[in-house]
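Numbering of residues begins at 1 and proceeds along the displayed sequence. Note that this is a predicted model, so its numbers are computed, not measured.
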Amino acid sequence: MAALRFGLVTRNERSWSSTQLLEAMRRAGIESLCLRLPRLVARVAYPPAASSDDTDLLEKLSALIIRPIGRGSLEEIIFRMDLLYRLERLGMLVVNPPKSIERAIDKYYALSLLEEHGLPVPRTAVTESPREALRAFHELGGDVVVKPLFGSRGVGSTRVSDPDVAERIFHSISLHHGVLYLQEFISHGSSDIRAFVLGGRVLASMRRVAEGWKTNVSQGARPVPVRLGEEMEELAVKASEVIGCMVAGVDILESEEGPKVIEVNSQPGWRGLQTVTRVNIADEIIRYLISVVKK
Ligand SMILES: Nc1ncnc2c1ncn2[C@@H]1O[C@H](COP(=O)(O)OP(=O)(O)O)[C@@H](O)[C@H]1O
Ligand SMILES: [Mg+2]
């Protein structure tokens with residue numbers, strides 16, 4: 001059998017996680033091809049259906065690994081997603097599946113699905129109206145986290161506990177056509193849990209210990225080893241399944257009422273996590289993909 005070849009969709013092939021995946025593929029004897037979504041060509045009614053330079057993706061690749069799909073206009077993002085869907089329909093293994101990327105990227109979509117499947121999530125209100133947002137601010141106890149709907153790495157999230165500040169912020173977000181996503185502030189004692197789920201099991205996890213309330217490693221939080229109990233592991237796996245991820249970084253806050261899932265990342269990095277775990281995460285991802293492709 002010819003060697004397997006996986007495509008790695010990345011904006012930066014030298015980024016830490018991409019480099020890790022490329023090295024893991026080399027160790028596993030898998031050929032790799034780095035791709036950038038903005039450079040792909042899609043064809044309809046004449047072949048090939050998708051290509052990068054002159055490479056026919058469906059013919060040459062057994063799987064496509066998606067790292068962050070990047071920012072773009074609504075048109076660009078929808079086209080990128082449509083292309084991933086098309087590749088999947090035509091038989092390509094796309095990881096994470098486009099459906100799960102779509103669900104995970106939108107914090108409201110993801111949180112509502114989690115709630116519908118009975119998972120504990122914080123009380124959250126979403127609206128385009130600054131007036132309604134101010135009402136929700138009071139409903140949620142006057143201490144909320146306001147997050148960008150499509151944000152990541154803690155960028156742009158703010159804690160608001162002053163009604164005057166809330167009003168100003170809501171109006172200015174609205175002026176820029178942002179959607180107002182408000183969540184009750186959960187006192188988590190400056191740390192939370194990140195569980196890395198791969199193929200239906202928790203592969204690795206960490207406690208992220210911060211100085212303030214934002215526990216993203218990219219905001220300076222420190223990864224600390226943690227052993228999750230069965231309940232936490234089940235919660236993380238279920239959350240990733242509800243969203244439909246094969247690989248996921250699940251963020252869980254520990255509140256006084258118990259754990260609350262705040263988000264599922266469909267394109268998680270693992271640089272911090274790798275420092276507190278023995279398993280080589282990139283090797284495990286590649287090994288898992290090989291097993292799925294060969295099924
Ligand atoms: N409701 C909340 N209460 C307290 N802290 C929160 C809340 N929501 C988020 N945080 C903190 O902010 C961080 C970023 O929030 P998250 O929803 O994971 O968005 P991002 O996509 O930016 O990582 C979390 O890891 C957590 O530390
Ligand atoms: Mg997060």
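With T275 contributing its side chain and L273 its backbone, the two residues share no donor-acceptor pair below 3.5 Å. In terms of modelled atom types and a separation under 3.5 Å, the side chain of N280 and the main chain of D283 share a donor-acceptor contact. Side chain of S100 to backbone of N96: no donor-acceptor contact under 3.5 angstrom is found. Between the K214 side chain and the S157 main chain, a donor and an acceptor come within less than 3.5 Å of each other. Formation of a donor-acceptor pair under 3.5 Å by the S255 side chain with backbone atoms of E257 is found in this model. Formation of a donor-acceptor pair under 3.5 Å by the S18 side chain with backbone atoms of R14 is not found in this model. Not a single donor-acceptor pair under 3.5 Å links the side chain of E263 to the backbone N or O of K107. Formation of a donor-acceptor pair under 3.5 Å by the T277 side chain with backbone atoms of Q274 is not found in this model. Checking side-chain atoms of Q267 against main-chain N and O of I69 turns up a donor-acceptor pair under 3.5 Å. The backbone N or O of T55 lies less than 3.5 Å from no partner atom in the side chain of D53, so there is not a single donor-acceptor pair.
By the criterion of side-chain heavy atoms lying less than 4.5 angstrom apart, applied directly or through intervening Ile, Leu, Val, Met, Phe, Trp or Tyr residues, V202 is not grouped with V276; the two fall into different hydrophobic clusters. V155 and I77 are not part of a single hydrophobic cluster, where members link through side-chain heavy atoms under 4.5 Å apart. Cluster annotation: F6 and I281 are assigned to the same hydrophobic cluster (Ile/Leu/Val/Met/Phe/Trp/Tyr, side-chain heavy-atom contacts under 4.5 Å, transitive). Under the 4.5 Å side-chain contact rule for hydrophobic residues, I30 and V247 share a cluster. V293 and L21 fall within a single hydrophobic cluster, where Ile, Leu, Val, Met, Phe, Trp and Tyr side chains are chained together by heavy-atom contacts under 4.5 Å.
Taking each heavy atom of P68 and R11 in turn, the nearest pair found is CB-NH2, 3.3 Å. Contact record, M206 with P223: SD-CB, 3.5 Å, taken as the closest heavy-atom pair. S62 and L93 make their closest contact through O-CB, 3.8 Å (heavy atoms, listed as atom of the first residue, atom of the second, distance). Here the closest non-hydrogen pair linking S218 and R153 is OG-CB, 3.3 Å. Between A50 and L87, the shortest heavy-atom distance links the atoms CB-CD2, 3.7 Å. The nearest pair of heavy atoms linking S174 to E128 is OG-O, 3.8 Å.
To the nearest 0.5 angstrom, L253 atom CG is 10.0 Å from W213 atom CH2. Going from atom CG of L111 over to atom CZ of R123 covers 13.0 Å, rounded to the nearest 0.5 Å. To the nearest 0.5 Å, atoms CG (D164) and CG (L134) are separated by 9.0 Å. Separating the CD atom in E59 from the CG atom in L57 is a distance of 10.5 Å, to the nearest 0.5 Å. Atom CD in Q20 sits 8.5 Å away from atom CZ in R271 (nearest 0.5 Å). The CG atom of L61 sits 6.5 Å away from atom CZ of R5, with the distance rounded to the nearest 0.5 Å.
Within a 6.0 Å radius of CZ in R131, other residues, nucleotides and ligands contribute 12 heavy atoms or fewer. Within 6.0 Å of the CD atom in E132, the count of heavy atoms belonging to other residues, nucleotides or ligands exceeds 12. The environment of OH in Y108 is sparse: at most 12 heavy-atom neighbours from other residues, nucleotides or ligands sit within 6.0 Å. Taking a 6.0 Å sphere around CZ of R27, one finds it holds more than 12 heavy atoms contributed by other residues, nucleotides or ligands. No more than 12 heavy-atom neighbours from other residues, nucleotides or ligands sit within 6.0 angstrom of CZ on R222.
In this structure, the side chains of V121 and I262 stay at 4.5 Å or more apart for every pair of heavy atoms. In this structure the side chain of I66 reaches within 4.5 angstrom of the side chain of V94, judged on heavy atoms. No side-chain heavy atom of V9 sits less than 4.5 Å from a side-chain heavy atom of C34. Contact check for F196 versus P268: side-chain heavy atoms found under the 4.5 Å cut-off. Proximity of E102 to S266: side-chain heavy atoms (C-beta onward) are nowhere separated by under 4.5 Å. Residues S32 and R26 fail the side-chain proximity criterion, which asks for heavy atoms closer than 4.5 Å. Proximity of L35 to L8: side-chain heavy atoms (C-beta onward) are nowhere separated by under 4.5 Å. By the 4.5 Å heavy-atom criterion applied to side chains, S15 and R67 are not counted as neighbours.
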Check: Can you list the steps and then say if E116 with L113 is a side-chain contact (heavy atoms from CB on, under 4.5 Å)?
Finding: CA-CA 5 Å; E116 286 160 30; L113 286 170; 4.0 Å; yes

Note to self: Go through it in stages, so that I can follow the logic: the residues are L40 and L37, the test is side-chain contact (heavy atoms from CB on, under 4.5 Å), and I'd like the CA-CA distance, side-chain angles, deciding distance and then a yes or no.
What the structure shows: CA-CA 5 Å; L40 301 189; L37 287 171; 3.9 Å; yes

Notebook entry, point to check: Passes side-chain contact (heavy atoms from CB on, under 4.5 Å), L84 versus L64? Steps please.
Noted result: CA-CA 9 Å; L84 295 181; L64 213 50; 4.2 Å; yes

Checklist line | side-chain contact (heavy atoms from CB on, under 4.5 Å) assessment of R71 paired with F150 | finding: CA-CA 10 Å; R71 292 203 156 268; F150 294 173; 5.6 Å; no

Note to self: Let's go through D192 and R207 carefully: what are the C-alpha distance in whole Å and the side-chain angles of both, what is the deciding distance for salt bridge (charged side-chain N to carboxylate O under 4.0 Å, His left out) to 0.1 Å, and is it a yes or a no?
What the structure shows: CA-CA 6 Å; D192 74 350; R207 178 174 292 285; over 6 Å; no

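S73 meets the side-chain contact (heavy atoms from CB on, under 4.5 Å) test with E75, E76; sequence neighbours excluded. Under the rule for a side-chain contact (heavy atoms from CB on, under 4.5 Å), E211 has no partner lying at least two apart in sequence or in another chain. Residues satisfying the side-chain contact (heavy atoms from CB on, under 4.5 Å) criterion with S172, sequence neighbours excluded, are absent altogether. Residues passing the side-chain contact (heavy atoms from CB on, under 4.5 Å) test with R287, sequence neighbours excluded: E284.
Inspection of the R43 and S51 side chains reveals an N or O donor paired with an N or O acceptor under 3.5 Å.
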Hey, can you pull the donor-acceptor pairs under 3.5 Å for the side chains in residues 224-241, sequence neighbours left out?
{"unit_1": "K238", "atom_1": "NZ", "unit_2": "H117", "atom_2": "O", "d": "3.1"}
{"unit_1": "S240", "atom_1": "OG", "unit_2": "V237", "atom_2": "O", "d": "3.1"}

Going by atom type alone, with no hydrogens or angles, which donor-acceptor pairs under 3.5 Å involve a side-chain atom of residues 137-149 and a protein atom two or more places apart or on another chain?
{"unit_1": "D143", "atom_1": "OD1", "unit_2": "R159", "atom_2": "NE", "d": "3.0"}
{"unit_1": "D143", "atom_1": "OD2", "unit_2": "R159", "atom_2": "NH2", "d": "2.8"}
{"unit_1": "K147", "atom_1": "NZ", "unit_2": "Q183", "atom_2": "OE1", "d": "2.8"}

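Salt-bridge formation is detected for the pair D251/R208: a Lys NZ or Arg NE/NH1/NH2 atom is positioned less than 4.0 Å from an Asp or Glu carboxylate oxygen.
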